[in-house]
There are 2 protein chains.
Amino acid sequence: MSLKYAVLAALLEGEASGYDLAKIFDVSVSNFWAATPQQLYRELDRLAAEGLIDARVVPQERRPNKRMFTLSEEGRADLAAFTAKQPKPMAMRDELMVKVQAADVGDLGAVREHVEERMTWAHGKLARYERVRRHLLGGLGEDEFLAEGERVGPYLTLLGGIALEEEYLRWGRRVLDVLERRAARAAGASDQASGPVS
Amino acid sequence: MSLKYAVLAALLEGEASGYDLAKIFDVSVSNFWAATPQQLYRELDRLAAEGLIDARVVPQERRPNKRMFTLSEEGRADLAAFTAKQPKPMAMRDELMVKVQAADVGDLGAVREHVEERMTWAHGKLARYERVRRHLLGGLGEDEFLAEGERVGPYLTLLGGIALEEEYLRWGRRVLDVLERRAARAAGASDQASGPVS
DNA sequence: ACTTACATGTAAGCGGTTACATGATTAT
DNA sequence: ATAATCATGTAACCGCTTACATGTAAGT
């Protein structure tokens with residue numbers, strides 16, 4: 001129900017095609033709103049039908065035509081009204097956490113690998129976030145930007161995303177440490193079962 | 001598709017009714033998997049039909065009968081196999097973040113209030129997590145528990161939840177600080193427009 | 001008197017996911 | 001050669017959310 005507003009908020013940054021939005025959602029919005037390209041295309045159709053965004057078709061010679069979308073005045077007003085309404089609580093779904101929760105009765109080694117992969121991913125995300133951050137700051141120092149910049153919203157949500165990934169990394173290191181000790185203990189226990197080495 | 005495994009993992013803790021699970025999901029699983037009671041009741045029906053959990057009806061005199069569920073051997077095996085499979089990436093949907101993202105063109109004061117409310121909520125959640133934590137540790141020190149405890153999974157996901165909420169609080173303080181300065185600046189700008197106070 | 005806890009259920013509708021389909025261009 | 005980028009779209013299905021429905025008992 002409010003992918004709608006995530007899209008309108010993304011269009012505050014300026015005109016974009018469905019494809020552009022898919023990328024934007026992938027690199028910077030994904031930290032608080034997940035959406036697939038298909039969802040975006042359908043949502044854009046609806047928003048255009050509602051008059052909250054304006055669409056224009058840009059013919060291209062060597063590529064498929066594209067539709068570029070801009071926020072309409074109605075869309076901007078609707079978005080502004082949305083900011084005043086009570087937000088729904090955050091909804092999260094993370095399979096990795098379910099696997100960690102069940103790690104003791106599952107495959108300890110596999111879970112450790114999953115955690116490692118997620119940490120690698122987090123590093124990549126942080127690198128991309130850092131680039132977005134520099135782009136947003138546009139050469140200004142953070143304090144200057146926060147005091148003088150036109151829009152701080154995207155910067156603040158980005159800070160949230162960065163903090164989240166960094167926290168994820170700290171947590172991941174802890175988990176790996178504990179699970180490794182578990183695996184060692186299990187190995188030790190089976191050594192004992194088959195007779196300790198004198 | 002894998003509320004399924006979140007439920008099976010929750011049943012590792014022991015027999016529970018749908019109602020019990022709703023509470024468990026509310027106080028400790030919610031940090032990585034959101035589910036409503038209705039979802040749980042339907043999922044439990046399915047899991048029982050699949051033979052992954054065993055159900056028994058407990059007649060009660062002064063209350064509605066309840067169905068108590070336990071993980072079956074098949075369920076335990078299925079869950080163990082699940083831990084070895086590649087996890088899907090985390091999916092998050094947070095309206096508050098969308099509102100912060102659009103704060104500059106929306107209602108600054110309302111957004112600040114939303115952030116404050118969410119911080120109050122986070123404090124409550126942390127207090128509950130702390131209680132769950134002490135319960136899990138069962139009097140042991142953390143290091144002891146991690147080395148000797150039977151199951152560390154639930155403790156590790158709890159640590160993740162705690163870290164997440166603490167991070168949320170730090171981020172929230174930052175956001176409030178910046179948005180307050182914005183509001184002050186806006187007030188200052190309108191002072192200037194209507195003539196500064198000498 | 002009112003609210004919270006206990007304990008489950010049906011049904012409609014919306015939103016999200018997955019599979020499939022097309023087809024040129026640019027980079028490795 | 002192969003993969004990735006650009007650029008959209010349809011259709012089917014599954015899962016999730018919301019509203020409604022029921023009824024007792026204990027606590028404030």
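From a predicted model like this one, the values you see are computed outputs, not experimental measurements. Order of the sequence lines fixes the chain letters, A, B, ..., with proteins taken first and strands second; residue numbering starts at 1 for each chain.
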Note to self: With a 4.0 Å cutoff (strictly under), does any side-chain N or O of A:Arg93 reach OP1 or OP2 of D:dG15?
What the structure shows: no

Notebook entry, point to check: With no hydrogens and no angle check, do the side chains of B:Gln86 and A:Glu95 hold a donor and an acceptor under 3.5 Å apart?
Noted result: no

Note to self: Is it the case that D:dG15 (base atoms only) and B:Gln39 (side chain only) share a donor and an acceptor within less than 3.5 Å, ignoring hydrogens and angles?
What the structure shows: no

Checklist line | Base C:dG16 to side chain A:Arg42, donor-acceptor N/O within 3.5 Å cut-off | finding: yes

Checklist line | Any B:Lys88 side-chain nitrogen or oxygen under 4.0 Å from OP1 or OP2 of C:dT18 | finding: yes

Notebook entry, point to check: Knowing that exactly one of A:Lys66, A:Arg56, A:Arg67 qualifies, which makes a salt bridge (charged side-chain N to carboxylate O under 4.0 Å, His left out) with A:Glu15?
Noted result: A:Arg56

Next item on the list: Taking only the side-chain nitrogens and oxygens of B:Lys23, find out if one of them lies under 4.0 Å from OP1 or OP2 of C:dA7.
Entry: no

Notebook entry, point to check: Roughly, in whole Å, what's the span from OH in A:Tyr41 to P in C:dC20?
Noted result: 20 Å

Check: Between B:Gln60 and B:Ala91, which has a closest nucleotide on DNA chain C that is more 5'?
Finding: B:Gln60

Check: Hey, which of these two, A:Ala35 or B:Asp45, hits DNA chain C nearer its 5' end, going by closest nucleotide?
Finding: B:Asp45

Margin query: OP1 or OP2 of D:dT8 versus the side-chain N and O atoms of A:Ser17: is any pair under 4.0 Å?
Written below: yes

Note to self: Quick test of your reading of the model: are A:Asp177 and A:Arg181 salt-bridged, counting only N-O distances below 4.0 Å?
What the structure shows: yes

Item checked: Under-4.0 Å side-chain N/O to phosphate OP1/OP2 contact, A:Tyr19 with D:dC6 -> yes

Margin query: Looking at the base of C:dG9, is there any donor atom on it, or on the side chain of B:Gln38, that sits under 3.5 Å from an acceptor on the other one?
Written below: yes

Notebook entry, point to check: So, are A:Asp94 and A:Arg118 salt-bridged, with charged N and O less than 4.0 Å apart?
Noted result: yes

Checklist line | Side-chain N,O (B:Arg67) to OP1/OP2 (C:dG9) below 4.0 Å | finding: yes

